[in-house]
Peer 1: 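Take a look at this one; I'll ask things after.
A note on names: the letters A, B, ... follow the listed sequences, proteins ahead of strands, and every chain is numbered from 1.
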2 protein chains.
Amino acid sequence: MATIKDVARKAGVSVATVSAVINKSKYVSDDLKQRVQQAIEDLGYRPNRVARSLKRKESNIIGITVTEITNPFYPLMLEGVEDNAINEGYNVMLCTTGDDEEKEYLLLESMIDQGVDGVILATIDDLNSKALKLVQKEGIPHVLINRAPENYTGSLVCVDSYKVGQIATKHLLQLGHTQIGFIGGNRQNSKSREKGYQAMLASHNIPVNPSWIIDGEYSMEKTYEKITKLMQTSRTIPTAFFAASDLMAFGAAKALLDNGYTIPGDISIVGSDNIDFSEDFRVPLTTVDVQKYEIGKLGCELLLNHITRKEEVSHQKIILEPSLVLRESSGAVRKK
Amino acid sequence: MATIKDVARKAGVSVATVSAVINKSKYVSDDLKQRVQQAIEDLGYRPNRVARSLKRKESNIIGITVTEITNPFYPLMLEGVEDNAINEGYNVMLCTTGDDEEKEYLLLESMIDQGVDGVILATIDDLNSKALKLVQKEGIPHVLINRAPENYTGSLVCVDSYKVGQIATKHLLQLGHTQIGFIGGNRQNSKSREKGYQAMLASHNIPVNPSWIIDGEYSMEKTYEKITKLMQTSRTIPTAFFAASDLMAFGAAKALLDNGYTIPGDISIVGSDNIDFSEDFRVPLTTVDVQKYEIGKLGCELLLNHITRKEEVSHQKIILEPSLVLRESSGAVRKK
DNA sequence: TTGAAAGCGGTACCAC
DNA sequence: GTGGTACCGCTTTCAA
């Protein structure tokens, strides 16, 4: 690999001048500029970004943490991030944490040590998260996307999960359902969706049956098990379920279908996320769209703003609007 | 951020000694070792990887290029790569090329300039690919995964696509189908699968009908259109389709379903890839599994071997075995 | 056994 | 306008 010195020698100028023409950082006469450019061309020279990073203390790399990448929700979000990053001349470093706090911390640390200019965190639910504390302590620009602790005051972009719960539940109520179960997991998004669901029921004076609140652990398989068990042990089951993720909705639907129920004939299902395959699930899934791509894209924009204009970092919150996507898994409550 | 100098000062030793204890690169007396470790602890010192990279000319970062990440095939493969990389102390930089040669080249170049120690390429079909030429010219360790040019002689891990075609076609033949269409796209994997399909038909003396070879462009939507058009314009359509990807199989199945055909009653469909959702597609899809996770994992292992043992780089080829996954989209040919 | 110092490949200040 | 050079933070050779 040719270095800046080689270029300088070949062009018969100093390295300072080469650097100046590369970065357009100060005036260089046309003559020298020509010679330098010619030399760069001839040698196929490309600046060593590592050296530049060391000196400038900026790498043009951003990091992103996600819990998992096999849930189709994340690739789309990631695409939003990457599209934006590439456009602005940044590379992206990816870490999958698997919801493991310790792994998350270590991976984040490794990215910081690698010199990332900032990080997008899609894994933070807790204000006391070690990972969050780390970026704060180190003063690394960061924005949370998709997930965020309830009273987080930093920059973030996510969907209004409370509304997700309201929208889904309202839809079910309008179809005449009053016995509506909830399937969620141990994440803030789920909790907010549950609150929206509870509030909507409460506003219609409908009590919630605690045994119809299912912990699906954000897993299709677990949800399948839990719902199967519910059918075996409960005397009555709801006429509808709202799930805090499409994957859990899938699990529930499969369990129901496998036990001879029809959807939506016997039981309605509403998911959330609107992942690509919800449209082509065994029963096309009614769900709530949460603007996955936008979350990633805006999150990246925000981060890049933080990075480039450090001084005017205003803690910005972007809360996106969810919207109902009507498909075939929800229908009028069955007649008794 | 504390630097190595701070540690040295605090411990009352030279930076060389600090470096030695960090890297265990030479003997240091217990006394000094203690003091250094204490100082590191006190300061919360972590070595600057950028500086280390510059000096050592290795970054512990590997790059990976994929064409798209929204096809659920890739996240699993990527997971295989990342799991392995993390375990070995490497971070991964991700680039999505969208099958755009120019973008691919630029992104790859940017990763190299960022100092990646090696790259995994899941985007190469052509021996003359600019991207491939680049890594070869620069002498960057690289391995191709999932996709590869026909006569590629470097390291690679992928599934035997020819066999994929054979297996799928054989299955259909065994069900009594003789009128079998093929849906593919402009990638080497598809071409090999098509060859396997053709060969299997030939060995049964069954001619292939050229109008039943459909270019689905690796897109669900395109395939939907093409199949819809086929139904409108052709007097006869096959009793079965084999598609070179599950996504295209989905597109075909949807088109058929939307036009009143039953699957597999009227027409059988076999996909390839075995993406997660093929199991829960409207009609659970019979498909050919291609060991996505393994491809990524082994590809990463191979690359890391190249990086760490430069001298003994034997060009290694790992060809994985595909296997049929029987589900509900394929059945006996209908009686006339 | 320990440390001084050169140097990785750039950037940017300062002097000419 | 241009170039000499210190320096970014670390590794590694070499001398003491």
Peer 1: Of all the heavy-atom pairs spanning A/Lys10 and A/Asp42, show the shortest one and how long it is.
Peer 2: CE-OD2, 3.7 Å
Peer 1: Check every atom of C/dA5, D/dC10, D/dT2 against the side chain of B/Val15 and return the nucleotide holding the closest atom.
Peer 2: C/dA5
Peer 1: Does D/dT11 have its OP1 or OP2 closer than 4.0 Å to a side-chain nitrogen or oxygen of B/Ser19?
Peer 2: yes
Peer 1: In terms of side-chain heavy atoms of B/Ser29, which of C/dT1, D/dT2, C/dC8 is nearest?
Peer 2: C/dT1
Peer 1: Using side-chain heavy atoms (C-beta onward) and a distance below 4.5 Å, is B/Ile86 in contact with A/Thr96?
Peer 2: no
Peer 1: Could you work out which one of C/dG9, D/dC10, D/dT2 sits closest to the side chain of B/Leu54?
Peer 2: C/dG9
Peer 1: Taking side chain as C-beta onward, heavy atoms only, is B/Met111 less than 4.5 Å from B/Thr65?
Peer 2: yes
Peer 1: Can you check the A/Arg49 CZ to C/dC8 C1' distance for me, whole Å?
Peer 2: 17 Å
Peer 1: For B/Gly89 and B/Asn60, which heavy atoms make the closest approach, and how far apart are they?
Peer 2: O-ND2, 3.2 Å
Peer 1: Just N and O in the side chain of A/Lys57: are any of them under 4.0 Å from OP1 or OP2 of D/dG9?
Peer 2: yes
Peer 1: May I ask you to evaluate whether B/Lys33 reaches the phosphate of C/dT1, defined as a side-chain N or O under 4.0 Å from OP1 or OP2?
Peer 2: no
Peer 1: Going by an N to O cut-off under 4.0 Å, is there a salt bridge joining B/Asp99 and B/Arg187?
Peer 2: yes
Peer 1: Can you find a side chain N or O atom of B/Thr3 that sits less than 4.0 Å from OP1 or OP2 on D/dG9?
Peer 2: no
Peer 1: Looking at the side chain of A/Ser14, which of D/dT12, D/dG3, D/dG1 is the nearest nucleotide?
Peer 2: D/dG3
Peer 1: Can you tell which of D/dC10, C/dT2, D/dT11 lies closest to the side chain of B/Asn23?
Peer 2: D/dT11
Peer 1: Could you state the atom-to-atom distance from NZ of A/Lys24 to C1' of D/dT2 in whole Å?
Peer 2: 18 Å
Peer 1: Could you work out which one of C/dG9, D/dT12, D/dC10 sits closest to the side chain of B/Asn48?
Peer 2: D/dC10
Peer 1: Atom CZ of A/Arg56 and atom P of D/dC7: how far apart are they, to the nearest Å?
Peer 2: 20 Å
Peer 1: How would you label the contact of A/Ile22 with the nucleic acid (heavy atoms, under 4.0 Å): base, sugar-phosphate, or nothing?
Peer 2: nothing
Peer 1: Please figure out whether A/Lys5 or A/Arg52 has its closest DNA chain C nucleotide nearer the 5' end.
Peer 2: A/Lys5
Peer 1: Starting at NZ of A/Lys55 and ending at P of C/dG10, how long is that distance when rounded to a whole Å?
Peer 2: 14 Å
Peer 1: Select one nucleotide: of D/dC10, C/dA4, D/dT2, the one nearest the side-chain heavy atoms of B/Ala16.
Peer 2: C/dA4
